[in-house]
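Just so you know, these numbers come straight off a predicted model, no measurement behind them. Residue numbers count from 1 along this sequence.
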Amino acid sequence: MTKTPYEPGRVGLLLIDTVNDIFAEKGKAYANFKEEFDRIGTFENVKLLLAGAREQGLPVFFAPMSYTEEDYTSWKHLSGIHREMFDNRLFEAGSWGAEFHPELSPAKGEVVITPHKNIDVLANTDLEVQLRQHDVEYIAIAGMIGTLCVESTARSCMEHGYHVTTFTDATAAAGGRAAYDAMVLRYPAISHATLTVNDFLAAAGKAEG
């Protein structure tokens, strides 16, 4: 059991890219992660995490990604991940693929962050404003992709002075098992806690009393 202390009333959950293109079986990127999803139990664990956070009354923030036709056709400098996404029209604004998966969707009163277009959600959206407006200092970050948006956002939140929790079982890596193993070894360096979903919910529940 973790001894990580969380301050009551200051803990929030950020779910990144819980959309159909990633988590639905017909999503454009689902096949890239299916094997790791099955091995880790990612989908079920993210659902458990979301349900547990709601039960404890934690504020939940959803960070989707989407691109417009203008984005696909006018960007001058494409990184490797952007080229892959643009070539496959991933996260196309207004499409089914860019919609939240029905089992990982915001409920009434939960915050949807402005769609991000780069891999660091904190740097490119209203996430920090929303965290401050909801008095969140301890942010737990799950979703996809563990080696890209999750890792970059965790690193950025740490740099901005937030207490960051990452997960071993509520994400997956691009690149399979070897990339996942390396990612999990990196997470403690950029996080204040790297936990399983069950350990996080137990620790957060103690904080909330």
Exceeds 12 heavy-atom contacts within 6.0 angstrom, atom CZ of Arg89: yes

Donor-acceptor contact present, side-chain Asp21 to main-chain Lys28, <3.5 Å: yes

Exercise answer: donor-acceptor pairs, residues 122-131 side-chain atoms, under 3.5 Å, sequence neighbours excluded:
residue: Asn124; atom: ND2; partner: Asp120; partner atom: O; Å: 2.9
residue: Thr125; atom: OG1; partner: Val121; partner atom: O; Å: 2.7
residue: Thr125; atom: OG1; partner: Leu127; partner atom: N; Å: 3.1
residue: Asp126; atom: OD1; partner: Thr114; partner atom: N; Å: 2.9
residue: Asp126; atom: OD1; partner: Thr114; partner atom: OG1; Å: 3.1
residue: Asp126; atom: OD2; partner: Gln130; partner atom: NE2; Å: 3.1
residue: Glu128; atom: OE1; partner: His160; partner atom: ND1; Å: 3.3
residue: Glu128; atom: OE2; partner: Arg132; partner atom: NH2; Å: 3.0
residue: Glu128; atom: OE2; partner: Tyr162; partner atom: OH; Å: 3.3

Distance-only side-chain donor-acceptor flag, Thr68 / Asp71, under 3.5 Å: yes

Minimum-distance pair of heavy atoms, taken over all atoms of Ile141 and Ala154: CD1-CA, 3.6 Å

Minimal non-hydrogen separation, Phe91 against Met65, with atom names: CB-O, 3.3 Å

Linked, directly or transitively: Phe100 and Trp96 (ILVMFWY side chains, under 4.5 Å): no

Trace of the side-chain contact (heavy atoms from CB on, under 4.5 Å) decision for Phe37 with Val46: CA-CA 11 Å; Phe37 282 173; Val46 176; over 6 Å; no

Minimum heavy-atom distance between Leu50 and Ser105, given as atom pair plus value: CD2-O, 4.5 Å

Leu58-Phe62 co-clustered via ILVMFWY side chain contacts under 4.5 Å: yes

N/O donor-acceptor pair under 3.5 Å between Ser156 side chain and Ser152 backbone: no

Main-chain N/O of Glu92 paired with Ser66 side-chain donor or acceptor, under 3.5 Å: no

Between CZ on residue Arg83 and OG on residue Ser79, distance to nearest 0.5 Å: 8.5 Å

Separation between OH of Tyr138 and CZ of Arg10, rounded to the nearest 0.5 Å: 7.5 Å

Side-chain touch His116/Ile16, heavy atoms, less than 4.5 angstrom: yes

Any donor-acceptor pair under 3.5 Å from Glu110 side chain to Ala107 backbone: yes

Separation between CE of Met183 and CZ of Arg186, rounded to the nearest 0.5 Å: 7.5 Å

Donor-acceptor pair between Thr168 and Thr196 side chains, under 3.5 angstrom: no

Single-linkage hydrophobic cluster, 4.5 Å side-chain cutoff, Val184 and Ile190 together: yes

Pairwise side-chain contact, Tyr67 with Leu90, heavy-atom cut-off 4.5 Å (strictly under): no

Test item: Met144 and Val150 side chains (from C-beta on) under 4.5 Å apart, heavy atoms: no

Side chain Arg177, main chain Glu36, donor-acceptor under 3.5 Å: no

Contact check, side chains of Asn20 and Pro102, non-hydrogen atoms, under 4.5 Å: yes

For the student: nearest non-hydrogen atoms of Val19 and Ala98, plus distance: CG1-O, 3.6 Å

Same apolar cluster (I L V M F W Y, side chains within < 4.5 Å links), Phe61/Leu49: no

Non-hydrogen side-chain atoms of Val112 and Pro64 separated by less than 4.5 Å: yes

From Asn45, Thr42, Asp199, residue fulfilling side-chain contact (heavy atoms from CB on, under 4.5 Å) relative to Asp169: Asn45

Heavy-atom donor-acceptor pair, Thr171 side chain to Gly143 backbone, under 3.5 Å: yes

Which atom of Leu13 lies closest to which atom of Ala53, heavy atoms considered: CD2-CB, 3.8 Å

Side chains of Asp17 and Phe23 in contact at under 4.5 Å (non-hydrogen atoms): no

Residue pairs fulfilling ring-ring contact (aromatic ring centres under 6.0 Å, His included) with at least one residue in residues 173-199, sequence neighbours excluded: His163-His192

Arg155 bridged to Glu151 by N-O distance under 4.0 Å: yes

Same cluster (ILVMFWY, side-chain, under 4.5 Å), Val197 and Tyr6: yes

Pairwise distance CG(Leu48) to CG(Asn198) - rounded to 0.5 angstrom: 5.5 Å

Glu69 atom CD: more than 12 heavy-atom contacts under 6.0 Å: yes

Heavy-atom closest contact (Val136 atom, Pro59 atom, distance): CG2-CG, 3.7 Å

